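Have a look at the structure below before the remarks.
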Amino acid sequence: MTTQIVPLTRKEFQSDQEVRWCPGCGDYAILKVVQSLFPTLGIPREKFVIVSGIGCSSRFPYYMNTFGFHTIHGRAPAVATGLKTARPDLDVWVVTGDGDALSIGGNHLIHTLRRNVGVKILLFNNRIYGLTKGQYSPTSEVGKRTSSTPVGSLDNPFNPLTLALGAGATFVARGVDVFQKHLTEILTQAAAHRGTAFVEIYQNCNIFNDHAFAYMTNKTERANQAIYLEHGKPVVFGDNQQLGIRVKDMRLEVVELSDSVTAEDCLIWDETNPVLATMMAHQLPPGPTPVGILRRVEGAPFEESVQAQIQHEIDAKGTGSLEGLLHSGDTWTVGA
Amino acid sequence: MTIPAPAAEAEPGATAGEARAERPAAEKIAEVVVRFAGDSGDGMQLTGTQFTNTSAMIGNDLSTLPDFPAEIRAPAGTLPGVSAFQVRIADYDIHTPGDVPDVLVAMNPAALKTNLADLKPNGILIVNSNEFTDRNLKKAHYETNPLDGSGLDGFRVFKVELTKLTRVALEELDLDNRSRDRSKNLFALGMVYWMFSRPLDNTIEWLNKKFAKKPVIAEANVKALKAGWNYCDITGAFQVRYDVEPADLTPGTYRNINGNSALALGLVAASRRSGLPLFLGSYPITPASSVLHELARFKQYGVTTFQAEDEIAAVCAAVGAAFGGSLSVTTTSGPGIALKSEGMNLALMTELPLVVCNIQRAGPSTGMPTKTEQTDLLQVMFGRNGESPLPVIAPASPADCFDVAIEACRMALRYMVPVVYLSDGYLANGSEPWKLPQVEELPDLRIDFHSDAEDFQPYRRDPKTLARNWAVPGTPGLEHRIGGLEKQEVTGNVSYDPENHERMTWLRAEKIERIANTIPEMEVFGEPNGKLLVLGWGSSLGAITGAVNAARARGYTVSRAHLRHLSPLPKNVGQVLASFEHVLLPEMNSGQLALLLRARFLKDIISMPKVQGKPFNRSEIQDKIVEILEGDAA
């Protein structure tokens, strides 16, 4: 394949299809970030493939002027695994939602993470089923009243971050639809990661689950509710950087910084430490919650290992001839 | 290599100077059916395979039927733990592993109990008498020892102390008795080799290679094999000795092959002939797993095998690889097809090439995984939501699996469609000699990816085949989106337009129908019209051919035909059916193809269903032919 000059504008990544999400949907903000990000990655447009499942978020490929595959419910990670394994040269992005990835497709998600297939997985978490009109999802809080749970849901939600960490993901991050600059930074890092990059994106469904993340997206509270993680830096946050996180008795605690407790006493964020990542992923509301990269480590991408094994066999045995293959094993000749 | 002369005069292990009974002259027979039966730990599959391979090397025509339990190791000595391997060898062209064995080797009471009813009257029965202990008799639910009394009258019974004799033969080896006992199947094989004048060298060579890293085991097995041969030669235990001469096979180079191995080779061949890398997405399931095992060994041919987390991921990964430009395959059995149906429809809607291999087993649900059936025909024809026709093709013999695999790939690539390859456990595990094809005579499957960005439309079709463009990611200017939603004709954009949906539905169906332009018409063997046609599909070919040939030899006028393409059907099927007064259709299901043909051609097919997890016997079909023709005459 020849490479051509990379298009450098957002416009060139916009498809001719009319965007049909509900007005005010958080998906618009994420689409804008991705369309703006792709031209900056130095990758030819024809190398991008966006693979999605079923749900509101999974309409995403239609709005991107790249190769795209709108597959079936829950199976996007499996389709993407096949594609990336067969074609490691492609830049494969999976767009999925909380129902698609964590309910019907939970199995494929954990196995893709376990294998460390070199795809980026953007999980739009709005904690509700949108396209089927508002049933509770596997990330809905207990007691959620929805069309299918009129007197409240009973089952515990998944925490996507702890799930991904438990599955052995090599890159686990969280962004928020309205934190555009931060989300761009997270996705830039995800794009650079070899292996599976898993990004949970808090996304507001203004029709069926409005204000689900308002506690941290609301302009006045935002700074005090979002813990921005940065590798190698002390975990401090707040409008005036007046809050910090420290480890005490094997737990994380929020502290107000003062003369006696300074940033130096706070946790220095280490994205390679799996225990810290898990502790941080467990920080749930009420109380500030983390955004940014929780875990990032090197690991052999699955598709590279697959190709290396094939190459090893070719080196060891030579490119097999079909004639030789058919004649392998015990043969005998019947004369004319 | 050339055919080795049967080593009738060889004395593979006889100690010089030892007394020996006079060796009876080998009586030439046209064919024999041997069944080895024992505990699943006794190595019966290995024993049968060795007898088969040696006979293949001699040049016999042959056909095999392995029959093993689903349990990897059922409790030793019990009835569910019995494993058997039947092989028929002949000096002429044969089609089935035989209805009833002439020779039964029973390694324990349970094997005797489960297999004796099949043994031919006056057949040869070799039993390991050492295993007929009170404990083993109880496990096999025998109240008295069947070796005593008159229960075995009517058979030629040879009671041999196989366990004891093997232990004695291996006395000087540094092994415990438990290890020595593992070689008793080779002792039995040595005896059968003697009885049928087979040479030992092929098996000896195989044992030495197989146990190269465990020389003492290799030595024990070789010793036991020779000891079994010598036991017969020295003691004169058998007063009978037979030989089956080479069959008159078409000149060429042959190897013995089972259906799943032939499938794996066919897929690699199709990959090479198309120039596309082979991608297999699969999840282990009986009786399809061996295809995954085979292909996993072929990495140097550029084959990627992906053992997925489940059946759904297996098919979806294959669809993803197909989008990327691979020759994509997924292999499974009926329960897996149930799970894959949505993924198959995704390939159908996105019009991507995919080969879905269903190695059928007895159902429903988990059913009888190691037993064979043809009960998934309607499942693969119709078991998907919406109007979703796709091509279905069925191999008819183990070697035919190779050609059918290539034909399945041809249809998938030429017509951009998922194709079902519908085999079964009987073909998968059964084997026969396969005349190796010339590589350059295999079909040319090369295709061109679309590359022209000028006025590109993803759903623009080839006017002849109706196949859409295959535009793989990475091609500049061809960026486009596909998916499971209904497509607008030509552009491939999402469309809910009612007329467009109906047009696309017919286009997808028409595309399948047009495949019929490129497949041969159904051939009729025997008179092209008349009283009775026996029609079949898939693995019943052998039994049907045998039955029709036998009936014709007895003077009955009966023709036969066999369907390879089940969807679309060859163009002349309706005309052939109309040319016969009666059409008999034996199939290993409740009459599924009969249902389809009746509906399509309004022909009152005589359905002959069999749902026992076992293939047809030649004789039962022959009886039915006679019944129809005699009944007609009356």
Side-chain angles (χ1 to χ4, degrees), chain A residues 1-4 15 17 44-52 54 61-62 64-73 75 77-87 89-90 107-108 110-111 306 309-310 312-314 316-320 322-323 325-327 329-336, chain B residues 1-3 53 56-57 59 202 246 249-256 265 268-269 272 277 279 281 298-304 306 308-310 312-313 316-321 323-326 328 342-343 346 350 436-437 439 473-485 493-494:
Chain A
M1 303 276 171
T2 55
T3 44
Q4 63 171 27
S15 79
Q17 299 294 297
R45 189 177 64 178
E46 66 272 13
K47 293 282 188 186
F48 286 101
V49 185
I50 299 183
V51 182
S52 67
I54 294 294
Y62 292 119
M64 293 291 298
N65 190 17
T66 62
F67 283 91
F69 201 163
H70 180 209
T71 71
I72 45 180
H73 206 6
R75 318 301 170 201
V79 173
T81 294
L83 178 62
K84 182 71 180 176
T85 304
R87 292 286 306 277
D89 61 307
L90 299 174
N107 200 31
H108 309 308
I110 57 174
H111 286 278
V306 168
Q309 201 172 49
I310 289 173
H312 177 269
E313 291 291 289
I314 291 173
K317 299 173 181 168
T319 308
L322 184 53
E323 191 80 32
L325 178 64
L326 299 184
H327 285 77
D330 291 339
T331 61
W332 70 96
T333 302
V334 174
Chain B
M1 68 180 291
T2 50
I3 308 165
N53 289 351
M57 300 292 277
N202 191 52
L249 299 171
T250 315
T253 302
Y254 285 78
R255 69 187 275 194
N256 186 39
L265 293 177
V268 176
R272 279 296 162 92
F279 182 95
F298 297 156
K299 292 193 167 61
Q300 70 273 28
Y301 295 88
V303 175
T304 301
F306 173 61
E309 58 271 23
D310 58 30
I312 298 171
C316 286
V319 170
F323 184 48
S326 289
S328 279
E342 194 185 9
L346 178 65
T350 53
L436 297 175
V439 167
T475 320
L478 302 190
E479 292 85 353
H480 68 279
R481 277 64 58 192
I482 57 170
L485 287 169
N493 288 330
V494 174

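Within every chain, numbering begins at 1; the chains are lettered A, B, ... in the order of the sequence lines, protein sequences first and strands thereafter. Only this structure's heavy atoms are used, side chains among them; waters, hydrogens and symmetry mates stay out. What you see is a predicted model, and the numbers here were worked out from it, not measured in a lab.
Relative orientation of the A:Trp332 and B:Tyr254 rings is parallel, given thresholds of 30° and 60° on the angle between their planes.
In this structure, chain A has a heavy atom under 4.5 Å from the side chain of B:Leu346, while its backbone stays farther away. B:Thr350 touches chain A through its side chain: at least one heavy atom from C-beta onward sits under 4.5 Å away, while N, CA, C and O do not. Both the backbone and the side chain of A:His327 come within contact range of chain B, each with at least one heavy atom under 4.5 Å from a heavy atom of that chain. For chain A, the nearby part of B:Phe279 is the side chain; its heavy atoms alone come within less than 4.5 Å. B:Ala318 does not touch chain A: none of its heavy atoms, backbone or side chain, sits under 4.5 Å away. A:Leu90 touches chain B through its side chain: at least one heavy atom from C-beta onward sits under 4.5 Å away, while N, CA, C and O do not. When heavy atoms are compared at a cutoff of 4.5 Å, B:Leu436 approaches chain A solely by way of its side chain, counted from C-beta outward.
Closest non-hydrogen pair, B:Arg481 versus A:Ser15, comes out as NH2-CB, 3.8 Å. A pairwise comparison of heavy atoms in B:Leu478 and B:His480 identifies O-ND1, 2.7 Å as the closest pair. Nearest heavy atoms, B:Glu479 versus A:Thr66: CB-C, 3.7 Å.
Most heavy-atom pairs under 4.5 Å with chain B: of the set A:His108, A:Lys317, A:Lys84, this distinction falls to A:His108. Chain A forms more heavy-atom pairs under 4.5 Å with one residue of B:Gly281, B:Pro277, B:Gly324, B:Gly302 than with any other, namely B:Gly324. Per-residue counts of heavy-atom pairs under 4.5 Å with chain B were compared for A:Val49, A:Val51, A:Asn65; the largest is that of A:Asn65.
For the pair B:Glu342 and B:Ile312, the minimum side-chain heavy-atom distance is 4.5 Å or more. With contacts defined as side-chain heavy-atom distances shorter than 4.5 Å, the pair A:Glu46/B:Thr475 does not qualify. The closest side-chain heavy-atom distance from B:Phe323 to A:Thr71 is not below 4.5 Å.
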